[in-house]
Amino acid sequence: MAIALVPLLATLVESSEEVNHHMLQCLHATAMRHFTPMSDIMVASDNTWFSEKHGTVVKKSAQITMPYLETDFWKELLQDLHETEIWSLSLHLQNKSGKKEVLPRKHGNYIIISPYHDHEAVVTDISHQIKKLSNSWDWNPRAKFAVLLQRIHMQENSTQQLAADIFADLWLSRVVNAVVMVPTPNKHSNAMGTAPALQMYTWFPYQPPGHCADVRDAVLLDQWVVDSKGNGKFHYNIPLFPNKIPTNFHGCPVTVSVFEFEPSVMKESSASTTFDEGTGIRLLHEIVRKGNMSAVYLEPSHAEHWGLPYGNGSWSGGLGQVIGGQADLLAAYSYYRCHIINEIECSIPYFIDQIRWYIPCAMPYPRWMSLTRVFSPSLWLSFLAVYIVFALLMWQAVTVSNRFSLQSTNNHAYTSLIKCLFNFWAVILEQSISNNPPRIAAIRVVLLVWVLFCMSMNTVYQTYLTSFLVDPGLQHQLSSADEVFNSGMEFGFPFRWKPFLTDLSGDRYRHTHNCKSFRECLNRTSFTHNFAFMGSAIATDYMIAAEFTSSDGKPLVCSFDQIFTIQLALMTVTKGFIFLDYLNRIVSQLMDAGVIEHWSDNIKFTAILASATEMDLLAGEYTQLTLLHIQSAFYFLFLGYTVATIAFLLELTRYVKQLVCTPKRK
Ligand SMILES: *[C@@H]1O[C@H](CO)[C@@H](O)[C@H](O)[C@H]1NC(C)=O
Ligand SMILES: *[C@@H]1O[C@H](CO)[C@@H](O)[C@H](O)[C@H]1NC(C)=O
Ligand SMILES: *[C@@H]1O[C@H](CO)[C@@H](O)[C@H](O)[C@H]1NC(C)=O
Ligand SMILES: *[C@@H]1O[C@H](CO)[C@@H](O)[C@H](O)[C@H]1NC(C)=O
Ligand SMILES: *[C@@H]1O[C@H](CO)[C@@H](O)[C@H](O)[C@H]1NC(C)=O
């Protein structure tokens with residue numbers, strides 16, 4: 001019976017219609033069994049097809065003769081997938097690259113169909129289609145790829161080679177989860193009465209252990225077999241999309257783009273030849289150790305470390321290496337930019353960075369002002385007013401009492417305003433005044449009140465004077481962004497932020513004086529004391545702790561609480577980086593355990609300790625008074641002496657003039 005069926009089967013399989021039928025069945029079964037329900041399926045093929053179908057522009061130059069049934073194949077395939085109502089279908093028709101959809105949704109599955117026959121033509125066609133697909137925002141190299149070749153390929157070993165070449169090409173776009181389905185010319189049915197109709201190939205990039213994704217061997221995974229009635233099924237029925245990403249890479253390399261970026265990537269000491277310290281480097285070491293990989297460091301050749309777009313689609317710097325695929329990831333933490341740059345992927349964030357203002361720290365008041373700063377100007381003024389009022393009062397009291405008094409007083413210390421002022425001045429300075437004031441109650445009360453008032457003012461003044469001499473205090477510190485704008489101070493930020501932080505393109509930020517790096521910004525602020533900038537809290541706080549502290553341990557650059565914006569700091573990897581899921585798991589475990597936080601604190605603390613060796617910290621809160629502290633007293637002393645000398649000289653000249661004039665008059 002089985003033998004009698006063979007010729008019949010052979011004729012069946014041979015016809016193109018039959019092959020198409022098997023392919024449809026096989027695709028349907030593959031989708032039902034292996035594609036995740038509710039996901040997207042992207043169906044892609046060469047453009048010329050659809051042109052033909054729609055009767056528009058036909059590209060005959062491609063030199064394919066369309067089998068009469070091919071349009072039906074398409075119709076049936078789409079109809080079939082559509083009627084299941086399990087997936088949403090997309091069709092890749094035009095090469096509209098760069099079109100950004102409002103809500104890009106990553107495709108879950110791809111069906112790629114190549115109508116070509118020739119080995120090279122098939123490979124270039126699929127390479128072309130992948131390139132077009134990967135330009136769009138919903139491109140997902142981690143999806144499941146079913147690649148269907150429509151033509152029968154005669155020799156089995158060349159089929160295998162063809163599949164391997166296709167995999168090598170897919171790997172350039174980091175596609176691993178792919179199955180190549182090839183119709184087979186083998187018409188002999190086996191003992192079970194079935195004949196293979198399609199071969200399904202796949203590859204395993206990291207098997208056997210020690211092979212590092214350069215294996216070009218395609219392996220036959222399963223077959224689609226048809227029985228005598230034309231019903232097909234999988235021969236082995238094994239998963240077509242097994243997990244191909246090992247957790248142990250057996251020393252396979254991961255290329256890392258590194259450049260100095262404190263505190264994420266740096267050298268432990270100036271003698272180090274490689275970057276061996278920093279949160280990013282420690283995280284990298286941990287990932288490499290867990291995955292048993294080996295890290296290959298790649299330094300961007302360009303001066304611009306992070307990289308900027310050239311405008312022709314490629315980038316410079318570290319980002320250029322990741323986008324171009326030379327490097328798998330950036331060692332330094334970077335901000336979330338996966339919504340702007342299509343060619344990269346982001347790990348989960350492991351830091352939350354704050355962008356905030358950094359301003360010059362408030363300067364201390366000059367010490368010579370200590371003597372006057374104890375009282376506010378209004379208090380000084382009222383003191384002066386009270387002084388004059390009391391002197392007037394005393395003078396009037398004495399004048400009035402003298403007028404009505406019968407016996408003349410022998411004390412003439414208060415008989416004129418000038419005398420009153422002088423005597424009261426002496427009281428202020430706690431000097432003695434003339435004895436025996438007039439024995440009149442009113443006068444004595446005025447005097448007593450003045451003496452008591454001066455005593456209390458003096459006590460208060462002297463008490464505060466000491467603390468002002470020791471620590472003159474700080475001038476006003478800028479404490480909000482508005483104050484920075486209104487202060488007339490120059491301000492800026494590292495200029496490579498401009499394209500990324502869209503908030504910075506506002507009108508307020510038109511006249512910025514941007515710097516190359518945080519270090520340059522910091523240097524400008526701490527040297528000129530007249531520059532404010534916006535900086536990343538992680539990087540700037542570290543640099544302040546490590547380099548920009550004064551000799552007594554105080555930061556040279558300050559900030560205030562206002563936060564400009566918040567950024568997610570994470571690892572940027574190349575699109576389709578196959579280790580990303582595992583990397584995310586490692587990062588989240590390290591975060592849960594608080595390890596990353598600990599590293600960050602530890603690195604900062606080490607930097608503080610290192611810079612503290614150059615500080616001369618004071619032993620306690622008690623300080624020895626030096627000439628520096630008392631300088632204001634000396635200034636006033638010299639001022640007094642100068643005034644006294646001038647007064648003396650003036651008097652002397654007047655006396656000399658009198659001496660000269662008197663004999664003439666005689
Ligand atoms: C598709 O892209 C190719 C080159 O990339 C171009 O020659 C062709 O005109 C494009 N087709 C359409 C329909 O835009
Ligand atoms: C395919 O196999 C045949 C014989 O088994 C051999 O002669 C031929 O070179 C092989 N072709 C390739 C591309 O390996
Ligand atoms: C890591 O890879 C090396 C090289 O293949 C291997 O010798 C070693 O046993 C692996 N380590 C672990 C823990 O698997
Ligand atoms: C883009 O431009 C840069 C420099 O102008 C050049 O080095 C690079 O090769 C260009 N890339 C492409 C894809 O044209
Ligand atoms: C910091 O600024 C000073 C003065 O402007 C300059 O001499 C010095 O080289 C700068 N240092 C750095 C690291 O830029």
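We count ligands from 1, going down the list as the structure has it; atoms in each ligand are counted the same way.
Around atom CD1 of Ile352, no more than 12 heavy atoms belonging to other residues, nucleotides or ligands sit under 6.0 Å away. At most 12 non-hydrogen atoms from other residues, nucleotides or ligands lie less than 6.0 angstrom from NZ of Lys290.
None of Val180, Leu198, Ile112 except one satisfies the side chain to side chain contact (heavy atoms under 4.5 Å, CB included) rule with Leu149; the exception is Val180.
At the top of the distance list for atom 5 (O) of ligand 3, counting protein heavy atoms only, stands His250 O, 3.4 Å. Considering only non-hydrogen protein atoms, atom 2 (O) of ligand 3 sits nearest to Asn292 ND2, 2.4 Å.
Less than 4.0 angstrom separates atom 9 (O) of ligand 3 from none of the non-hydrogen atoms of the protein. The presence of a protein heavy atom under 4.0 Å from atom 14 (O) of ligand 3 is confirmed.
A distance below 6.0 Å separates the ring centres of Phe249 and Phe579.
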